[in-house]
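Just so we're clear, the structure is a prediction, and the values are computed from it rather than from any experiment.
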Amino acid sequence: MEKETLIFDITNDFVVGDRITKETFDKFSKLPCKIKAGLFLLCVEGSVQVSINLSKYTIRKYDFVTLVPSNFVQFHEISDNARFYYAGFSSEFMTNINFIKSTMSFLPIITEHPVMHLEEVVARLYIDGYRLLIQAQSLKPPYSTVNKNMIIAYLTIFMQGTAELYKNHSHWTNGIRTRTNEIYRKFIQLVVEHYTKEHSVSFYAARLNLSLPHFCTTIKKAIGLTPLEIISSIITMDAKAQLRSTDLTVKEIAFSLGFNNLSFFNKYFRQHTGMTPKEYRQMKSPFQT
């Protein structure tokens, strides 16, 4: 796997660059990918069609994308000239600036609106920020001892600027929501938080204080899918990502997703993908040539 693909599963503290292109995105177009860190992308050329947490977006020049841990992403159509700046930070590294505390009030908005268009003057400021991060990343001894502290300082400024951008989008924070969309938004947040333990539609209906029939009808009206279909899609996306990107056994993956019975997990996966977990893992990966 190429180094730049670490932005989807970051094992280092951080990774920064200016060359995510069509070739990179193509590798992630055949299966969903679970984000395991903080990821910030700025499109500077071309366009990409992408699904983020089951919602589809078309990303174009000067669109800024914020992805937080547990988001699911799958890329679809990618223009030949697509190019992005990117900055990815591990969960552990982001605790150095208390990311959750600094974004808590905006986290639901960021989750619901991961793509934000920037005016050119603002986009160019972000490009300068990316370039500073790239320069800081390249520091060699004797400056390596202060390198991490510099990155933390730049990241703090980066996140504060992003929070201010979301804060200024008052139509997101204060706009009129329909009851249907509000229920759907809260449901997605609950699923992302609990899907590794709770698979029952009735659990989510109860958490939202809704009767089961009313809950199912509302979600179907909001997105055209049943609550069970949404829950199953997220569980299956995570299972696929783990089967392709980890060496965990099928049994370990099943347990991580809340299945206490391996046989039931195998049947569940086959029902939703048409193959067993073992068969899916043995399929040729898009990373293989």
What verdict does the side-chain contact (heavy atoms from CB on, under 4.5 Å) test give for Gln242 and Leu257, after you've listed the backbone C-alpha separation in whole Å, the side-chain angles of each residue and the deciding distance to 0.1 Å? CA-CA 10 Å; Gln242 292 194 61; Leu257 294 172; 4.0 Å; yes
Are Met116 and Leu165 packed together at the side-chain level, in the sense that at least one heavy-atom pair is separated by less than 4.5 angstrom? yes
Can you measure from CD1 (Ile20) to CG (Leu42) and round to the nearest 0.5 angstrom? 11.0 Å
The criterion is side chain to side chain donor-acceptor pair (under 3.5 Å); which residues satisfy it with Tyr268, sequence neighbours excluded? Ser232
Taking all heavy atoms of Leu208 and all of Lys186, pick out the closest pair and write down the distance. CD2-CB, 3.7 Å
Would you mind reporting whether Pro114 and Tyr57 have side-chain heavy atoms less than 4.5 Å apart? yes
How close do Ser79 and Gly46 get, heavy atom to heavy atom, and via which atoms? OG-CA, 3.3 Å
For Glu279, does the CD atom have more than 12 heavy-atom neighbours from other residues, nucleotides or ligands under 6.0 Å away? yes
Measure from the side-chain N and O atoms of Thr218 to the backbone N and O of Thr180, and report whether any donor-acceptor pair falls under 3.5 Å. no
Mind checking the CD-CG spacing from Glu119 to Leu125? Nearest 0.5 Å is all I need. 12.0 Å
Please test Lys240 against Thr273 for side-chain contact (heavy atoms from CB on, under 4.5 Å), starting from the C-alpha separation and ending with a verdict. CA-CA 10 Å; Lys240 285 181 176 180; Thr273 67; 3.7 Å; yes
Indicate the atoms forming the closest heavy-atom contact of Ala82 with Ser47, along with that distance. CB-O, 4.0 Å
Distance-only donor-acceptor check, side chains Arg131 and Tyr85, under 3.5 Å: yes
Aromatic contact, Tyr126 with Phe64 (centres under 6.0 Å): yes
Looking at Pro277 and Val250, what are the two nearest heavy atoms and their distance? CB-CG1, 3.8 Å
Arg83 side chain to Asp18 backbone, donor-acceptor under 3.5 Å: yes
Reference residue Tyr204; test ring pair (Phe, Tyr, Trp, His ring centres under 6.0 Å); the match among Tyr184, Phe187, Tyr195: Phe187
To the nearest 0.5 angstrom, please state how far the CG atom of Leu228 sits from the OG atom of Ser202. 10.5 Å
Using the benzene-type ring in the case of Trp, are the ring centres of Phe259 and His199 under 6.0 Å apart? yes
In the structure I gave you, are the side-chain heavy atoms of His117 and Tyr62 within less than 4.5 Å of one another anywhere? yes
To the nearest 0.5 Å, what is the distance between NZ (Lys61) and CG (Leu118)? 12.5 Å
Restricting to non-hydrogen atoms, name the atom on Ala239 and the atom on Ile253 that form the minimum distance, rounded to 0.1 Å. CA-CG2, 4.4 Å
Closest heavy-atom pair, Gln74 versus His76, reported as atoms and distance to 0.1 Å, is O-NE2, 3.6 Å
Kindly compute the distance separating CD1 (Ile188) from CD1 (Ile234), expressed to the nearest 0.5 Å. 5.0 Å
Roughly how far apart are Lys251 NZ and Leu262 CG, rounded to 0.5 Å? 7.0 Å
By side chain to side chain donor-acceptor pair (under 3.5 Å), His194 pairs with (sequence neighbours left out) Arg207
Counting N and O atoms only, with roles assigned by atom type, does the side chain of Glu252 sit under 3.5 Å from a partner on the main chain of Thr249, one being a donor and the other an acceptor? yes
Verdict with reasoning, Leu41 to Leu39, per side-chain contact (heavy atoms from CB on, under 4.5 Å): CA-CA 7 Å; Leu41 303 167; Leu39 182 61; 4.2 Å; yes
May I ask you to check whether Phe255 and Phe265 place their ring centres under 6.0 Å from each other? no
So, Glu229 side chain and Thr226 main chain: donor-acceptor pair closer than 3.5 Å or not? yes
One pair to check against side-chain contact (heavy atoms from CB on, under 4.5 Å): Phe215 and Val201. What are the steps and the verdict? CA-CA 9 Å; Phe215 172 61; Val201 174; 3.6 Å; yes
Counting N and O atoms only, with roles assigned by atom type, does the side chain of Arg281 sit under 3.5 Å from a partner on the main chain of Leu243, one being a donor and the other an acceptor? yes
Would you say the side chain of Ile219 lies within less than 4.5 Å of the side chain of Ile183, judging by non-hydrogen atoms? yes
Sub-3.5 Å donor-acceptor pair from the side chain of Asp63 to the main-chain atoms of Arg60, do we have one? yes
